[in-house]
Student: 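Mind having a look at this structure? Questions to follow.
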Amino acid sequence: MKELVKKIKILISDVDGVLTDGGLYYNDEGKVFKKFNVQDGLGIKLAQMAGLEIVIITGLKSEAVKARIKQLGITEYYEGFLKKDHLIKKISKEKKLKFEEMAYLGDDWVDGPAMKLVGLPMAVKNSQPEIKKIAKWISQKKGGEGALREAINFILSMQGKLEQLWEKWLKQEF
Ligand SMILES: [Mg+2]
């Protein structure tokens with residue numbers, strides 16, 4: 001596992017059911033609200049500091065998600081992509097990354113083809129059973145409860161970067 005994780009340079013994450021609990025709250029005007037976890041937010045910042053690139057992809061289009069992504073300083077955000085494996089191939093070509101250098105965190109069938117491609121397929125605890133079967137790592141936390149933070153911590157820890165980051169953080173060397 002360690003050898004596999006050491007190669008990872010980029011973590012691609014789904015949104016609904018991973019960054020959120022999958023809930024879609026509709027108001028009377030038909031507007032959708034979603035809840036994000038603040039610990040995932042800091043995790044994304046930590047990953048960026050440690051040189052682990054975070055890419056967010058979602059099959060849906062949502063202004064709420066866009067706003068959150070912007071707030072987190074994520075520049076790589078792809079929305080309305082149902083064929084996520086196509087996007088993985090595109091990212092691999094553009095960034096000259098091998099599939100084995102990529103991790104993907106998902107929860108549902110739409111993530112399956114993309115997870116089959118990458119070196120480190122990851123699933124949240126409450127993923128669909130087929131997705132859990134593909135995954136080489138499963139979070140203890142459910143989607144929306146800090147599962148992305150857990151995935152980031154796992155990768156950074158396996159790469160020997162988490163402890164250093166924490167030391168730096170305590171000394172406020174950023
Ligand atoms: Mg999902």
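All ligand and atom numbering here is 1-based and tracks the order in the structure. Side-chain atoms are counted along with the backbone in the values below, which use heavy atoms only and exclude waters and symmetry mates.
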Student: With 2.8 Å as the limit, jot down which protein N, O or S atoms are around the Mg ion (ligand 1).
Tutor: Asp14 OD2, Asp16 O, Asp107 OD1
Student: I'd like to know if Glu53 pairs up with Lys95 as an ion pair, taking the criterion as any Lys NZ or Arg NE/NH1/NH2 lying under 4.0 Å from an Asp or Glu carboxylate oxygen.
Tutor: yes
Student: Tracing side-chain links under 4.5 Å among I, L, V, M, F, W and Y, which residues wind up in one group with Leu60?
Tutor: none
Student: Whether Asp16 and Lys34 form a salt bridge (side-chain N of Lys/Arg under 4.0 Å from carboxylate O of Asp/Glu) is what I want to check.
Tutor: yes
Student: Pick from Ile10, Leu117, Asp14: which one makes a side chain to side chain contact (heavy atoms under 4.5 Å, CB included) with Tyr104?
Tutor: Asp14
Student: In terms of side-chain geometry, is the basic nitrogen of Lys84 or Asp111 positioned less than 4.0 Å from the acidic oxygen of its partner?
Tutor: yes
Student: Would you call Glu94 and Lys89 a salt bridge, using N to O less than 4.0 angstrom?
Tutor: no
